Amino acid sequence: MGQSVGLVLSGGGSKGLAHIGVIKALEEEQIPIDYIGGTSMGAIVGACYAMGLTTDEIINIVKADDFNYWMSGVIEEEYNYYFKAEYPEPDIFSLGIDLNDTVPKTRLPMSYIPNHLMDFAFMEIFSRASAAAGYDFDSLFVPFLCNSVDISNNREVVFRTGDLTQAVRASMTVPLYFRPIVIDGNIMYDGGIYNNFPVNHVEKLFKPDVIIGSKAAQGNQPPDEFDIMRQIENIVMKPSSYVINPEKGILIDMPFKNESLLAFDKLDEFVEVGYKITMEKMDSIKMLVKRKAEKSEEIDKRRDAFKATWPPLRFNDLEIEGLNSAQESYVERSIRKTDSIIDLDEMKTEYLKLAHDKSLLYLYPKATYSEADSLFTLGLRVIPQTSLEARFGLFFSTTGLAQTFLGVSYREISELSTHLKGSIQFGRLYDGVNIGFRFDYPSRIPVFFQGSFNYNSIDYNSYNSNFFFEDLKPSYITEDEINFRFDVGIPYSINGIFKGGVGIGRNKEVYYMTNDFSTSDTSEVSNVNNLSLYVAMERNTLNNKQFATKGVRRLHALRLGYGFESYFPGSTSENVQNEKLDYLWLSAKYENTGYVPIGRSFSLGYYINLQATFKPLLSTYFSTLLEVPVFQPNIVTKSLFMEHYRAYQFVAFGLMPVYKFNKQLHAKAEAYTFIPVQEILRDANNNAYLGTFFKTIKTVFDASVTLVTVAGPVSFHMGYITEEDDPWVFQLSFGYLLFNKRSVDE
């Protein structure tokens with residue numbers, strides 16, 4: 001071979017993408033690359049090139065939407081397995097409690113980003129080349145090494161053999177941002193913690209004649225007090241030496257300023273920096289490197305020849321680590337529906353379904369090749385979720401609302417998955433209690449059975465929703481509902497669920513016929529009992545439980561019920577006698593919400609809601625209103641009684657343009673139209689009657705800015721609701737405002 005050249009690539013987060021530009025410049029000038037050593041992002045870029053990918057192919061990987069999904073932990077809509085979703089609650093923080101130890105201990109989150117998607121992607125990218133090389137990195141298209149830190153034994157580890165996927169994953173595992181992986185029982189973290197520029201290992205193990213070093217790290221800079229990632233970087237990354245003997249090599253030092261570790265959107269800029277700086281140093285490089293590489297056509301032939309040896313990623317077996325035999329059976333039946341060979345797409349679908357299972361805390365996939373049958377075995381390291389989990393939530397706003405949520409869950413997996421939960425919520429508007437269970441059976445067609453007891457108490461206080469002010473009039477409408485529900489569900493497609501069930505509820509409605517009453521007045525009371533059966537189909541890929549900017553949700557539901565009302569008049573009523581009424585009722589519902597992307601930062605949301613309920617008018621105006629569907633399309637309207645937005649049948653639609661400043665911050669405008677088929681009106685005796693068909697159109701407008709943080713969402717709303725006594729709403733809030741299900745909810 002003659003004079004050999006080793007390329008050393010530093011860590012540096014997203015700035016390490018500049019290494020692609022360095023390689024591109026070296027190839028163009030026919031500078032040979034005989035060996036590669038890298039750390040962290042340098043390991044990713046180096047491994048991709050070492051396995052035979054071109055610089056253009058590496059750029060395409062990073063530019064793809066998938067790459068952003070990997071680095072953010074967001075699962076694409078097409079893999080959002082809604083069957084495993086649980087009814088949204090207003091928790092913003094959870095804490096696992098491990099009961100397996102002699103002394104129970106809390107289990108904090110190990111990483112900011114869920115890693116199951118990235119881990120599968122790394123396996124998909126690197127496993128075939130690793131198998132083709134016989135798990136020997138010297139036999140890749142370009143011999144390769146990378147380093148990591150074994151914190152179990154407090155030592156640096158250099159990878160030259162084994163699973164390339166695991167080696168790269170270990171080398172780039174930034175503490176707290178990515179979860180560590182375990183190799184041979186040892187916990188592995190980012191190689192940059194000890195050595196962010198493995199020139200010493202390249203010199204010692206490959207012994208090249210010339211070394212070209214590419215430095216994309218800034219060194220330890222004083223971090224901003226709000227830049228958490230930079231603070232982590234400074235805490236864990238020890239200063240490294242980037243010195244290369246000038247007689248034997250050259251250092252390409254990128255002049256980066258304070259760039260974020262995660263600025264992957266600056267790919268083109270970083271690649272251009274690497275290319276430009278390398279070309280500026282090309283004369284110096286050529287003075288050291290006398291040998292020319294093959295022409296690009298010859299390199300491409302060798303590259304294609306190596307790629308041709310990659311075996312297809314197909315699986316015929318599954319090995320599970322970390323679980324007992326009953327739990328292994330649950331996981332295997334969840335991920336494997338047949339005994340036939342599974343291709344990559346099918347395995348990815350089933351793996352990401354499993355990743356949605358909240359009874360499992362962690363999955364790590366590893367593909368191991370067998371030359372005997374030219375197939376892979378998927379090894380899964382699985383960590384069950386802690387048995388006990390405590391959940392906490394807060395909501396407060398400048399309109400005077402404040403809610404506290406406390407929840408606890410118990411999970412266990414054996415041949416089936418068991419989830420027991422309970423929660424309480426209390427505040428000025430709403431008090432609630434929920435006790436529930438869910439059993440999941442991973443059969444060929446998965447099925448769940450769930451049941452719950454709910455207590456809901458809503459106090460519609462007639463406060464003024466103006467910014468920072470509140471009206472302290474006493475409430476004149478309250479509801480206290482107790483319900484029992486039982487539901488059964490099966491999946492349809494990836495994003496959908498078909499479900500049905502029964503709801504039994506008793507709603508005690510306490511109200512005055514006017515808000516002008518004294519303490520000596522007695523209230524009206526209506527007790528309404530409901531028994532109903534329902535079937536529903538739902539599809540949901542929305543990216544947030546209350547502040548969505550992406551995805552779709554569609555619901556079709558049909559419900560048949562029996563109701564019984566007992567009415568007891570109060571001192572403000574024109575009626576003087578108790579009344580009883582029993583009736584059958586039927587309802588149908590179609591709801592469709594979605595966001596259509598228009599450009600990178602802008603999307604147009606739409607909302608359609610069609611409801612048709614057929615039941616008689618009840619004893620009074622308010623008892624009728626409280627038992628009909630209500631239009632409450634967003635968080636602002638959810639806290640209001642919305643007297644004029646209730647009807648047996650209505651059509652509602654809206655448009656919701658959204659501008660996303662970044663992943664956390666967005667602005668949204670909302671405009672809704674509500675058209676009741678017949679308004680519910682009040683006569684002189686406070687009885688309800690139906691108005692003329694399609695006589696009125698009502699509107700709701702809202703403009704908001706929302707910041708969704710790890711600690712919880714912060715949102716400012718300015719709204720206008722026609723027909724309300726005080727139509728303007730100004731609200732600054734923190735947290736989620738979500739309530740328990742009622743007996744007639746799907």
Side-chain angles (χ1 to χ4, degrees), residues 7-29 31 33 36 38-74 76 113 117-118 121-122 125 168 172 174 177 192 196 212-218 221 227 229-230 233 251-282 285 296 299-300 303 550 597-603 659-665:
L7 178 63
V8 183
L9 308 178
S10 76
S14 59
K15 300 180 294 294
L17 298 173
H19 300 317
I20 303 172
V22 173
I23 296 172
K24 184 177 181 181
L26 294 176
E27 278 197 331
E28 283 185 7
E29 295 297 320
I31 303 299
I33 300 173
I36 296 181
T39 297
S40 197
M41 183 54 73
I44 296 176
V45 173
C48 285
Y49 187 78
M51 63 184 272
L53 298 186
T54 66
T55 54
D56 286 342
E57 287 173 327
I58 301 171
I59 288 171
N60 289 336
I61 288 175
V62 180
K63 276 189 173 180
D65 289 339
D66 287 355
F67 186 86
N68 288 323
Y69 293 140
W70 307 339
M71 291 301 169
S72 63
V74 176
E76 307 104 301
I113 293 297
L117 189 61
M118 181 182 69
F122 275 31
I125 291 170
V168 174
M172 53 76 62
V174 179
Y177 197 78
N196 201 39
I212 299 173
S214 177
K215 177 193 170 189
Q218 299 166 217
Q221 302 287 331
D227 190 340
M229 290 308 299
R230 181 57 52 76
E233 182 182 16
L251 178 66
I252 301 169
D253 194 351
M254 315 301 171
F256 289 114
K257 302 299 181 183
N258 291 324
E259 294 286 0
S260 167
L261 285 174
L262 308 173
F264 295 106
D265 58 324
K266 295 185 176 182
L267 166 67
D268 291 336
E269 177 185 333
F270 292 159
V271 171
E272 180 60 28
V273 169
Y275 180 84
K276 180 181 177 182
I277 298 300
T278 306
M279 293 302 287
E280 289 174 357
K281 291 182 175 286
M282 192 54 66
I285 294 172
S296 59
I299 294 176
D300 288 342
R303 182 180 279 124
K550 183 179 179 182
I598 303 174
R600 192 173 185 86
S601 300
F602 183 76
S603 60
Y659 184 82
K660 289 172 278 191
F661 298 97
N662 54 44
K663 293 177 183 177
Q664 289 76 39
L665 180 66

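Values below: all heavy atoms of this structure, side chains included; hydrogens, waters and symmetry mates excluded. These figures come from a predicted structure and were not determined experimentally.
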| Can you name the residues that form a salt bridge (Lys or Arg N to Asp or Glu O under 4.0 Å) with E280, not counting sequence neighbours? | none
| Are M279 and E29 side-chain neighbours, meaning at least one heavy-atom pair lies under 4.5 Å? | yes
| message | If we ignore hydrogens and angles and just use 3.5 Å, is the side chain of K15 paired with the main-chain N or O of G12 as donor and acceptor? | response | yes
| note | Smallest heavy-atom separation, L251 atom then K215 atom, equals CD1-CB, 4.0 Å
| message | I want to check something: taking the side chain as every heavy atom from C-beta on, are F264 and M41 in contact at a cut-off of under 4.5 Å? | response | yes
| task | Just jot down the side chain to side chain donor-acceptor pair (under 3.5 Å) partners of K550, sequence neighbours excluded, or say none. | result | Y69
| Contacts of type side chain to side chain donor-acceptor pair (under 3.5 Å), residue K63, not counting sequence neighbours | D268
| query | Between I44 and F122, is any pair of side-chain heavy atoms under 4.5 Å apart? | reply | yes
| query | Is the shortest heavy-atom distance from the side chain of M172 to the side chain of M118 under 4.5 Å? | reply | yes
| note | Output for pair (S601 OG, F661 CZ), nearest 0.5 Å, gives 9.5 Å
| query | Can you name the side chain to side chain donor-acceptor pair (under 3.5 Å) partners of D300, sequence neighbours left out? | reply | R303
| query | Is there a donor-acceptor contact under 3.5 Å from the side chain of T39 to the main chain of G42? | reply | no
| request: Would you please test L9 and V22 for side chain to side chain contact (heavy atoms under 4.5 Å, CB included) and show each step? | output: CA-CA 10 Å; L9 308 178; V22 173; 5.5 Å; no
| Residues forming a salt bridge (Lys or Arg N to Asp or Glu O under 4.0 Å) with K266, sequence neighbours excluded | E259
| Heavy atoms, side chains only, cut-off 4.5 Å: are V273 and P255 in contact? | yes
| Under the side chain to side chain donor-acceptor pair (under 3.5 Å) test, residues paired with S10 that sit two or more places apart | none
| said: For the CD1 atom of I58 and the CG atom of L17, what is their distance to the nearest 0.5 Å? | reply: 10.0 Å
